[in-house]
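Numbered from 1 within each chain, the chains take letters A, B, ... in sequence-line order.
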Number of protein chains: 2
Amino acid sequence: MKETGVKDRILDTASRLFYEQGYHVTGINQIIEEADIARASLYHHFISKTELLLAYLDRSHEAWFRELEDFMRPVEGARERVLALFDHRIMRQSRPNWKGCNFNKIAAENSGDEQVLERVKRHKGRFRTYIRTLVSEAPHKRVLDDEQLADMIFLLLEGATVAGAMFRSYEETEKAKKIVESFL
Amino acid sequence: MKETGVKDRILDTASRLFYEQGYHVTGINQIIEEADIARASLYHHFISKTELLLAYLDRSHEAWFRELEDFMRPVEGARERVLALFDHRIMRQSRPNWKGCNFNKIAAENSGDEQVLERVKRHKGRFRTYIRTLVSEAPHKRVLDDEQLADMIFLLLEGATVAGAMFRSYEETEKAKKIVESFL
DNA sequence: GTCTATAAAATGATAGAC
DNA sequence: GTCTATCATTTTATAGAC
C-alpha cells in the first residue's frame with residue numbers, strides 16, 4: 001500500500017484536505033495522519049505549511065489547464081469552442097465532490113500573503129487570456145465588442161462558479177451559457 | 001473610553017477581524033484583547049465562537065440591505081435604478097478597506113456548517129429577488145427575457161465582486177455596468 | 001530520508017471569585 | 001455581568017536517533 005512516494009502522498013493528501021475542508025482548518029496533524037507519514041518527513045520535503053500551500057496551488061494550476069486543454073482539443077468550430085468553456089465548467093461542477101474553485105477558495109481565506117495572491121491572479125489572468133483568444137476567433141452579433149464579450153464571459157463564469165458552489169448546482173452555469181448563446 | 005456596551009464591542013471587534021483577516025485565523029484571544037473585555041464576558045454573551053459568527057452574518061445582512069436601500073432611495077427611473085446597482089457596488093469597492101463580499105468570504109471558508117451556509121444563501125437569494133423586481137420594471141432591448149437579464153446582472157455582479165477583490169479594483173464592476181447598459 | 005519525542009505557543013471553552 | 005485563573009487540545013515547528 002505504499003505505491004507512491006512520500007512527497008507525493010503528502011501533497012495529494014494536503015491538496016484534498018485544503019480543497020474539501022479549507023486551508024486553515026486543516027492541521028499538520030491531520031495531513032501526516034491521513035498521508036501516513038512521519039511529522040518530520042513533511043518538514044523535510046516542505047519547509048513550512050505555507051510552502052505546502054504554494055505547491056498545492058502550482059500543481060492545481062497546471063492540472064486545471066491540462067484538463068481544460070484536453071476538454072477543448074476535440075471541439076471544432078469557433079462558436080462551439082466558446083460554448084465549450086461552459087460545458088467544461090458544467091462537467092467539473094457535476095462531480096460529486098466539487099466544492100467551488102480551488103483558487104477562489106484559497107483567495108477568500110488568504111489574509112495578506114502576497115505569494116498566495118500572486119498564484120491566484122496568475123491563474124485567473126491566464127484563463128482570461130484564453131477566453132480572449134477564443135472570442136477573437138468567433139463570429140458574433142456585434143452588440144458588444146470582442147473585449148467586452150470576453151469580459152462578460154469571464155465574469156459570468158466567475159459568478160456562476162461562486163453561486164454554483166453556494167447553491168450546490170450547475171444550474172447557474174447553464175443559464176450563463178444560454179445568455180452567451182444569444183450573442184453568438 | 002467605554003461608550004458602547006460590552007456585547008456591542010465584542011460584535012464590532014469580531015466583525016472587523018472576521019472580515020479583514022478571515023474567520024479561522026481570528027482567535028478568541030485577539031477578539032477579547034482588541035475589544036478590551038474579559039474572556040468570560042465573551043462566553044456570557046455568545047455561547048460559542050460559531051454563535052458569534054452567526055451574529056456577525058445576521059447583522060451584516062441587515063446592514064447591507066439597509067445601505068442598499070438608502071443608496072437606491074433617491075434614484076429615479078427604472079433604467080437608472082438598474083444601473084445604480086452597479087454604482088452601489090462601485091461605491092462599496094472604492095472604500096480603502098474593502099476586501100470582497102462578507103458572505104462569499106465566509107462561505108469559502110466554511111466547511112460543512114449548515115447554519116452558516118443558510119445565512120449566505122438567504123442573503124444572496126434576497127438580493128437576487130431585489131434585482132428581479134428592478135428588472136421587471138425596466139424597459140430593455142429584448143435580446144434576453146426579464147429573468148435572463150436579472151440572472152445576468154446577478155452573475156456579473158458576483159463575478160465582478162470576486163474578481164475585484166482579487167485584483168483590488170472596481171474596474172470589473174465598471175465593465176459589467178457598461179455591458180448591461182448595452183441592453184437597456 | 002524517515003522516524004519518535006518534544007517544544008512553545010495558541011486554540012476554544014469553563015470554574016469560581018467578586 | 002464582569003473578572004482572573006486555568007483547562008485540555010491543537011497548532012506549527014524542531015532536535016536528535018536510526
Watson-Crick or G-U stems of DNA chain C, 3 or more pairs, under 3.5 Å, by first number:
C:1-18 with D:1-18
Take the protein atom [atom1] of [X] and the nucleotide atom [atom2] of [N], then report the distance between them rounded to whole Å.
X	N	atom1	atom2	value
A:I32	D:dT10	CD1	C1'	12 Å
A:F46	D:dT14	CZ	P	16 Å
B:H44	C:dA17	NE2	P	18 Å

Less than 4.0 angstrom from a charged side-chain N to a carboxylate O is my criterion; do [X] and [Y] meet it?
X	Y	answer
A:K175	A:E181	no
A:E158	A:K124	yes
A:D70	A:R73	yes
B:R95	B:E67	yes
B:E76	B:R81	no
A:R132	A:D151	yes

Which nucleotide, D:dT2, C:dA15, C:dT4, lies nearest any side-chain atom of A:A40?
C:dT4
Regarding B:H61 and B:N102, do their side chains bring together a donor and an acceptor under 3.5 Å, going by distance alone?
no
If I compare all heavy atoms of B:Y19 with all of B:N97, which pair ends up nearest, and what's the gap?
CE2-O, 3.7 Å
Table of protein N/O atoms under 3.5 Å from nucleotides 9-12 of chain C N/O atoms:
residue, atom, partner, partner atom, Å
C:dT11, OP2, B:N29, ND2, 2.8
C:dG12, OP1, B:K49, NZ, 2.7
C:dG12, OP2, B:I28, N, 2.6

